[in-house]
K.L.:
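Take a look at the following structure, please.
Any value given below was found using the heavy atoms of this structure, including those in side chains, with hydrogens, waters and symmetry copies removed. Just follow the structure's listing: the first ligand is 1, and inside any ligand the first atom is 1. Position 1 is the first residue of the sequence, and the numbers go up from there.
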Amino acid sequence: MVSNSGNKPRVLSGIQPSGNLTIGNYLGALKQWVEVQRQFDCFYCVVDLHAITVAQNPDELRQKTRESAAMYIAAGLDPEVSTIFVQSHIAAHSELAWMLTCMAPLGWLHRMTQFKDKSAKQSQESIGAGLLNYPSLMAADILLYHADLVPVGDDQNQHLEFTRDLAQRFNHAYGETFTLPSVMNPEAGARIMGLDNPTAKMSKSEDSENHAVFLLDDLAAARRKIMRAVTDSHREIRFSSERERAGVNNLLTIYQAITDESSADIEAHFADKGYGDLKRAVADCVVSTLEPLQARYYELMNEKGYLDSVLKLGREKAGAIAEATLKRAQENMGFLAPS
Ligand code: ATP
Ligand code: LTN
């Protein structure tokens, strides 16, 4: 089996700069990234090439890419420990993505639920081919680094399965080239639901006003959104998989993902309380997470040159690894090496 040459298992993950990051992104992905950064050899990228699978305004994309990188650091990533970089800064991502696209069966791609969901929102004729090929690019991101573990929310599990299957297919056809990665979901918070519609995943690109708490929301607005979250007409506060109780379950999940308390302790804590108390408790812990994060974020955005130097270093470190893997994949696939 091929793997990275260091002694710590390697981690890779990314978030699209397709909008403002939400507490779903934080609890499903970022919080785990921070927690594992000293245990593993971690690579975290801002996946701007993925963001363009739906139309983006150029100036906004540039701005969101910087903001996302700053948010990674504000959330607790230490650039001296984790490698932080921008996906498009390393051409190997696009190059390997093409090679993998050529190996990806259309049948597999059409089964991806993210493609089905996102394409359902557009007219068939105008759906960009990138939206369908999205998982091959994600596979390239992961396979270039021989990542062992990929920390993501559970909406990405199917893409991870796809990545493993595609890596296996490549290895089988052209010889051992890629490491097969495993998915890593957080124990709590792997799927945070919309506050206004707790049966749909909270998403940064959903327009409605009370859907998501953004990491940069004004604290009063964040609190207000949680106080307005959809619940139900029952009274009991407990975890539940019933559709009808999805709103309360979601609030409890947010509380659990932030506090790391056990389900039993949380249910006992709220046993004699009402929905208003639950919402206030969730709002308090969300606000106390956002407050220091926002302070660090604004500091970083005002520090001229710092972010660019982090991304430059990240590009150098990640680029060297990515290029070596790409070269090997190209040789194995039969490309003539330039003399
Ligand atoms: P978009 O709405 O633009 O498609 P998104 O908000 O779904 O974006 P992504 O950039 O696709 O966010 O996801 C980045 C990471 O955040 C992934 O690991 C994903 O699983 C995680 N994530 C996104 N939304 C949630 C959520 N609601 N709950 C838990 N994890 C989430
Ligand atoms: N598809 C992911 C974002 C993503 C990613 C990756 C996650 C792109 N490349 C590599 C983990 C590893 C999403 O969240 N939509």
Side-chain angles (χ1 to χ4, degrees), residues 10-33 42-56 60-61 64-65 68 71-72 75 85-88 90 93-94 96-97 100 112-115 117-119 121 130-131 133-145 147-164 181-208 211-215 246 250 253-254 256-258 318 322:
R10 184 159 298 150
V11 162
L12 178 127
S13 196
I15 299 180
Q16 305 179 69
S18 48
N20 297 316
L21 303 197
T22 69
I23 55 166
N25 299 129
Y26 176 74
L27 298 174
L30 267 174
K31 183 168 179 272
Q32 287 196 91
W33 298 4
C42 296
F43 289 73
Y44 298 119
C45 54
V46 180
V47 290
D48 51 351
L49 297 167
H50 277 103
I52 61 162
T53 52
V54 296
Q56 303 290 340
E60 267 175 37
L61 179 62
K64 294 279 171 248
T65 302
S68 300
M71 195 51 91
Y72 289 7
F85 66 101
V86 175
Q87 183 190 32
S88 69
I90 299 176
H93 288 251
S94 303
L96 182 63
L100 295 177
M112 296 294 126
T113 51
Q114 181 173 304
F115 171 70
D117 291 348
K118 292 204 172 180
S119 59
K121 295 182 185 157
L131 208 53
N133 287 320
Y134 181 112
S136 304
L137 175 60
M138 177 163 163
D141 300 340
I142 297 167
L143 300 178
L144 278 174
Y145 299 90
D148 302 286
L149 294 163
V150 182
V152 282
D154 72 6
D155 61 310
Q156 295 304 311
N157 292 5
Q158 197 187 24
H159 288 159
L160 252 294
E161 272 307 307
F162 171 94
T163 301
R164 287 176 66 90
S182 299
V183 73
M184 192 170 147
N185 295 137
E187 269 175 50
R191 181 175 295 246
I192 302 297
M193 310 307 279
L195 295 172
D196 58 344
N197 172 10
T199 57
K201 190 193 81 144
M202 182 183 285
S203 149
K204 67 170 112 67
S205 44
E206 182 66 52
D207 288 333
S208 53
H211 173 79
V213 171
F214 295 102
L215 298 179
N250 193 37
T253 303
I254 295 171
Q256 183 169 38
I258 295 179

K.L.:
Does Phe115 have its ring centroid less than 6.0 Å away from the ring centroid of Phe162?
P.N.:
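No, too far apart.
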K.L.:
When you measure from the side chain of Gln87 to the backbone of His93, do you find a donor-acceptor pair of N or O atoms at a distance under 3.5 Å?
P.N.:
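Here the side-chain-to-backbone pair does not exist.
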K.L.:
Counting only heavy atoms, which portion of Asp155 has something under 4.0 Å from ligand 1: side chain, backbone, both, or neither?
P.N.:
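Near ligand 1, Asp155 shows its side chain, while the N, CA, C and O stay back.
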K.L.:
Please work out, at 4.0 Å between heavy atoms, whether the side chain, the backbone, both, or neither of Ala29 comes within that distance of ligand 1.
P.N.:
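For Ala29, the contact with ligand 1 is made by the side chain alone.
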K.L.:
Output the list of atoms in ligand 1 that are nearer than 4.0 Å to some heavy atom of Gln156, sorted by atom number.
P.N.:
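Result: 20 (O).
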K.L.:
Using the side-chain contact (heavy atoms from CB on, under 4.5 Å) definition, which of the options Leu12, Val11, Ile142 pairs with Pro181?
P.N.:
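Exactly one option meets the side-chain contact (heavy atoms from CB on, under 4.5 Å) with Pro181, and it is Ile142.
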K.L.:
Taking N or O atoms only and a 3.5 Å limit, does Gly14 qualify as a polar contact for ligand 1?
P.N.:
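Min N/O separation from ligand 1 is not below 3.5 Å for Gly14.
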K.L.:
Identify, by atom number and element, the atoms of ligand 1 in contact range of Lys201, meaning under 4.0 Å from any of its heavy atoms.
P.N.:
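By the 4.0 Å cutoff, the relevant atoms are 5 (P), 7 (O), 23 (C), 24 (N), 26 (C), 27 (N).
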K.L.:
What do you reckon, does Lys118 put a non-hydrogen atom under 4.0 Å from ligand 1?
P.N.:
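Heavy atoms of Lys118 do come under 4.0 Å of ligand 1.
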K.L.:
Can you find a non-hydrogen atom of Leu27 under 4.0 Å from ligand 1?
P.N.:
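No, Leu27 has no heavy atoms under 4.0 Å from ligand 1.
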K.L.:
Applying side chain to side chain donor-acceptor pair (under 3.5 Å), name anything that partners Thr113, two or more places apart in sequence or on another chain.
P.N.:
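Here the qualifying residues are Gln158.
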K.L.:
Could you walk me through whether Asn25 and Met71 pass side-chain contact (heavy atoms from CB on, under 4.5 Å), step by step?
P.N.:
CA-CA 11 Å; Asn25 299 129; Met71 195 51 91; over 6 Å; no
K.L.:
Can an N or O of Met193 be found at a distance shorter than 3.5 Å from an N or O of ligand 1?
P.N.:
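For ligand 1, there is no N or O atom that lies under 3.5 Å from one belonging to Met193.
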K.L.:
May I ask you to list the atoms of ligand 1 that are less than 4.0 angstrom from any heavy atom of Arg191?
P.N.:
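Going through ligand 1 atom by atom, the ones under 4.0 Å from Arg191 are 28 (N), 29 (C).
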K.L.:
Between Ala51, Pro151, Ala190, Ala200, which one has a non-hydrogen atom sitting closest to atom 29 (C) of ligand 1?
P.N.:
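The residue whose heavy atom sits nearest atom 29 (C) of ligand 1 is Ala190.
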K.L.:
Is any side-chain heavy atom of Ser182 closer than 4.5 Å to a side-chain heavy atom of Arg164?
P.N.:
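Ser182 reaches Arg164 side chain to side chain.
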K.L.:
Answer yes or no: does an N/O atom from Ser18 fall short of 3.5 Å to an N/O atom of ligand 1?
P.N.:
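N/O-N/O distance below 3.5 Å exists for this pair.
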K.L.:
Please list, one pair per line, the donor and acceptor atoms closer than 3.5 Å that link side chains of residues 188-196 to other protein atoms, with sequence neighbours excluded.
P.N.:
unit_1: Arg191; atom_1: NE; unit_2: Asp154; atom_2: OD1; d: 2.7
unit_1: Arg191; atom_1: NH2; unit_2: Asp154; atom_2: OD1; d: 2.9
unit_1: Asp196; atom_1: OD1; unit_2: His211; atom_2: ND1; d: 3.0
unit_1: Asp196; atom_1: OD2; unit_2: Ser208; atom_2: OG; d: 2.8

K.L.:
May I ask whether Gly189 places a heavy atom under 4.0 Å from ligand 1?
P.N.:
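Yes, that is the case, since the closest heavy atom of the residue is under 4.0 Å from the ligand.
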K.L.:
Distances for all N or O pairs of ligand 2 and the protein under 3.5 Å?
P.N.:
unit_1: ligand 2; atom_1: 1 (N); unit_2: Tyr134; atom_2: OH; d: 2.7
unit_1: ligand 2; atom_1: 1 (N); unit_2: Gln156; atom_2: OE1; d: 3.0
unit_1: ligand 2; atom_1: 9 (N); unit_2: Asp141; atom_2: OD2; d: 2.6
unit_1: ligand 2; atom_1: 14 (O); unit_2: Gln156; atom_2: NE2; d: 3.4
unit_1: ligand 2; atom_1: 15 (N); unit_2: Gln16; atom_2: NE2; d: 3.4
unit_1: ligand 2; atom_1: 15 (N); unit_2: Tyr134; atom_2: OH; d: 2.6
unit_1: ligand 2; atom_1: 15 (N); unit_2: Gln156; atom_2: NE2; d: 3.1

K.L.:
Does ligand 1 have any atom that is closer than 4.0 Å to a heavy atom of Asn25?
P.N.:
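It does; at least one heavy atom falls under 4.0 Å.
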K.L.:
What residues form a side chain to side chain contact (heavy atoms under 4.5 Å, CB included) with Asn20, not counting sequence neighbours?
P.N.:
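In terms of side chain to side chain contact (heavy atoms under 4.5 Å, CB included), with neighbours along the sequence ignored, Asn20 is linked to Lys64, Glu67, Phe214.
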K.L.:
Using a 3.5 Å cut-off on N or O atoms only, is Gly153 in polar contact with ligand 1?
P.N.:
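N/O-N/O distance under 3.5 Å: yes.
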K.L.:
Judging by distance only, is a nitrogen or oxygen of Lys204 under 3.5 angstrom from one on ligand 1?
P.N.:
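Min N/O separation from ligand 1 is below 3.5 Å for Lys204.
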